[in-house]
*Asks:* 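This structure is in structure tokens; I'll ask about it shortly.
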Amino acid sequence: MGLSIERRLVEFDVTTPEAIERSREMADRYDIGLSEALVAYGGVDPRRVAAESAAHHGVECLAGRPDEIVARLDESLVQSVGRHAAYRVGAVPISRNGSSLTIITARIGNHAAERFFREELGVERVEEIVVSVPDIIEVLQRVFEQELISEAERFHIDGRATAGRVVTGRQGAILSGALAAFVVALVLAPVPVVRVAFLTVLFAYVAVFTFRFLLGVIGSLDDVVVDVNQHELAALRDEELPTYTILLPMYRESAAIEQLIGAVEAIDYPKHKLDVLLLLESDDDQTRDALEHVGIPAHWNILTLPKGGPRTKPRACNYGLLFGRGDYLVIYDTEDLPDRDQLKKVLAAFGKSSNDTICFQCLLKFYNRSRTLLSRLFTLEHWYWFDSIMPGMASLDIPIPMGGTSNHFRTGKLRALGAWDPFNLTEDTDLSVRLSVENQRARILRSMTAEEANPRIVNWIRQRTRWMKGYVQTFLVYNRNPFTVGHDLGLKAWLTLLLFVGGTPFVHLSAPLLWGVALAGLFLAPATLQQLFTPLVVYLALGGVLVSMFLGIYMHMLAAFHRDDDRLLPVALCTPLYRLLQTVASYRALAQILRRPHYWEKTEHLPRGSRNGDGR
Amino acid sequence: MSTRSNAMQVETLLVVHHRRRFLLHAVVLTAIYGLLGLLAWRFGVGSDRLAAGVFTDGGPDTLSGHPPLLLIGHLIARHPVVLAAIVGGTTIGYLSYYATTYAGSVPLRVLLVIYIVLSPSMITLVLFNVDWFLLVALVVASYGFLLEYCRRGRGVDIFLCGLALGAAYLVVPESATYAVPFAVAVAATAASGHSRRIYLVVLLFPVISAAFGWALLDWHLTGSISAPVPRMAAGVDTEGLLGLALSSGPFVLLYIIMCVTAAFYSKVMRGVVIVLLVAPVGLIALSVVWETPIPAFVHVPLLVSGVVILYPYLDTVVPQRILGSVLVLLLVTALVRDSYTVFYQANESVRRETETVREYGDRGSVAEETPQSALVLDGEE
């Protein structure tokens, strides 16, 4: 043996004595190897640690040389062991010579791997070549590329409905038939048909708004948000915490990377138990360059998604899930700033919840809410969503449409549930419904994540178009066999699916019709509409839009109320303008769902502090 | 149930904690009231009183002049009995749910439930005066939320209080007056630093929106925004609906009971309680000016509704035995008196009372002044 690892690292200026001291301290405290501690707490590149460790022990090292590893690798041998097993034991067999096996491993003296391969492959001798964890991940990605792609894209599908095909043949036939019947009826008896159709739309419009409003009221009155107090937090011992996977899907997110790294590194959790996975698309050179420029923490890993398939966030998350080592898992968006104690709060909350709770959704706040009128309205809308609607749904025990970020899962149960539908653009809503079908629950936790309120109209419309498309997808997917789904979900949850998931795009799509009739009735001469609509119909239309407008404004006032933000209260009066934008996005979504149903329109994010963003 | 545990159990005044039980109450009572209403209609027992309701011929014949909430209700229900059964079943269902959940002793619970479900005065009110009944329910609800706000300092209760007031306006526009003492109370809490001025905006926004919306609907129908105004104006004279409400001794008593309760249990904001106590004094003063008897079948249920809502709080203020005895006495008296009124003096006195309500309820309607072509329901002359 040569110099100790510590001395080698200091002598070669890889790290400082202070960092080594701290790493040793942590290694002792958590009873982990020094190499692992050096990566997690000393910030030393895992490849460098592997190299110095190999030199110290006099073992061959291939760290940082994945091409060489793959060149020496016997693929059939790896395939015979399988990806899951190799990843689980942290070693990959690369060649076999009679009864002798050579493996790559990130841990010298990996006895678990040795035992496993002796039993699995019947070898007598196992030789180790030292590599780093990122090397193992990269090798597995290369060897199992097709299998990984297939699994990430089909993770969800086995036996379950997917949005891969938005409208089935049967649905197409029913929709076409209904449309044809409507047209025929319209020709035969235009006036009664128009009146009945209009009143049906009006009734549904008011019903959707009333439902949302009632959910908000119930959610405001019933205290269903889970709280974790300081005493419960203090009861958690760092040494006993489980591994926690953090998935960070990103695409062209160079602007917010520094903020993301700062936010995740600030989380109060033992770093060696954080399994942080950055999920990048293969053509995203912009983010890759930014990451290289900024430098990611040593214990994080980058997963590059193979080309092909739908380029969606759920596909990326599914891919990340294939490599996730944690017992628990969370997704954060690039611009997110979670509370420092969020992970621990989640664990404490899981600890006092029933087994059927497999997800905790944390609340959101917005660091740039006062930047533009749009960001203010966006903030109000989301506050109402998180503080009123979701608690209302939780209170009524109906599926909670989770947000796409800061949702924490029990990893095993998430896998068993089929994870995310890679084709669904509101994968979180789809997952919520599936969760309910499987009699599992999501709950809400009082812990905040600060993120960006969308402040720019074009960007907002792109984002909203995607959401509306996702709602339509989810609604159609779960209405392929409405009776079966209704039976599985129960009446309450099925009505939620109808009024909330289907109702949201519906109200925005029908708004121009209702507003048009109401305004025409108000400002045009009575004779203009008399052919089609009686005064009663116009009266009801006017009443309906006034009620929905009032409810929309008052809902947003309630949102400002909940967060004690008086400045945003008058902004609620602009809600009708916001609804107008939603209508634009809904029609855009309608057009896209016919032409590009799985197209994921990118939302651009800006970090806190850029262009007058608010403080946290 | 001990006083302390009862107080602990009551988390909030107007929230239904056991929805299935509440729904059971509501559905059963809707069926009972529907059946009673149809029997009365079929056999002519209550035809005179039904005729005194807001809409006399099974539904409104014109659109203008009617309070929008009632109008929409009638358009959906199509028959006054159906609307009365739904509104009455839901509201009384809530009260009976609440009484069976929180009222102390078993005899008291039974008596309360019998009274609020089947007493002649309550049935009379439910079936033949939907507008009054709704008004009572909404005003009690709004007060309940205000009280809750005083007790817990929770903003959402102001929001719901405002909502109930806004809905009340769309049933009986005179009820806008109730917003005044409430607004004063909230303004006082803001002035004392216990709350924020913006609460006042939230409280009044629904009433303002309701007034704006009704005016717009009326303008659409008649070209003017005058419908609620004559009714309000009529209420200002000594015999209007408002006068009737304000001059009701039991109503004012109820108000005072509520305020006293608030005074004891408003740990969050003592300031607002002072205002709430002062507010009824203004109402008493008005009642002196506008002294007119209010129909017995209106004020007694109103009082009992308030008592049911407030029972869990009164229970913690007054010793349970005294409270229970007083309530039992009150209920027995009310039952005897109402039965006597309904069964022995019904023909003349009730008809007179209901006609009075009807007369003042319709005063100021602009239906007669409006061209029928713009108002008739089927769109054809």
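Note that this is a predicted model, so its numbers are computed, not measured. Chain A is the first sequence line, chain B the second, and so forth, proteins listed ahead of strands; every chain is numbered from 1.
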*Asks:* Measure A/L546 against the heavy atoms of chain B and call it side chain, backbone, both or neither at under 4.5 Å.
*Replies:* side chain
*Asks:* Return the orientation label for the B/F159 and A/F213 ring planes: parallel under 30°, perpendicular over 60°, tilted otherwise.
*Replies:* tilted
*Asks:* Report the distance from atom CG of A/L540 to atom CG of B/L217, rounding to the nearest 0.5 Å.
*Replies:* 9.5 Å
*Asks:* Would you check if A/L569 and B/Y199 make a side-chain contact, meaning some heavy-atom pair closer than 4.5 Å?
*Replies:* no
*Asks:* Within this structure, what is the OH-CG distance for the pair A/Y539 and B/L71, rounded to the nearest 0.5 Å?
*Replies:* 4.5 Å
*Asks:* Relative to chain A, which segment of B/I72 carries a heavy atom at a distance below 4.5 Å: side chain, backbone, both, or neither?
*Replies:* side chain
*Asks:* I need the minimum non-hydrogen distance between B/V202 and A/Y554, along with the two atoms involved.
*Replies:* O-OH, 2.8 Å
*Asks:* Starting at CH2 of B/W219, measure out to CG of A/L542 and round the result to the nearest 0.5 Å.
*Replies:* 9.5 Å
*Asks:* How long is the gap from CZ on A/F550 to CG on B/L163, to the nearest 0.5 Å?
*Replies:* 5.0 Å
*Asks:* Please flag which part of A/S395 lies under 4.5 Å from any non-hydrogen atom of chain B: side chain, backbone, both or neither.
*Replies:* both
*Asks:* Checking A/L551 against chain B: side chain, backbone, both or neither under 4.5 Å from a heavy atom?
*Replies:* neither
*Asks:* When heavy-atom pairs shorter than 4.5 Å are enumerated against chain B, which of A/I218, A/D564, A/L396 gives the highest number?
*Replies:* A/D564
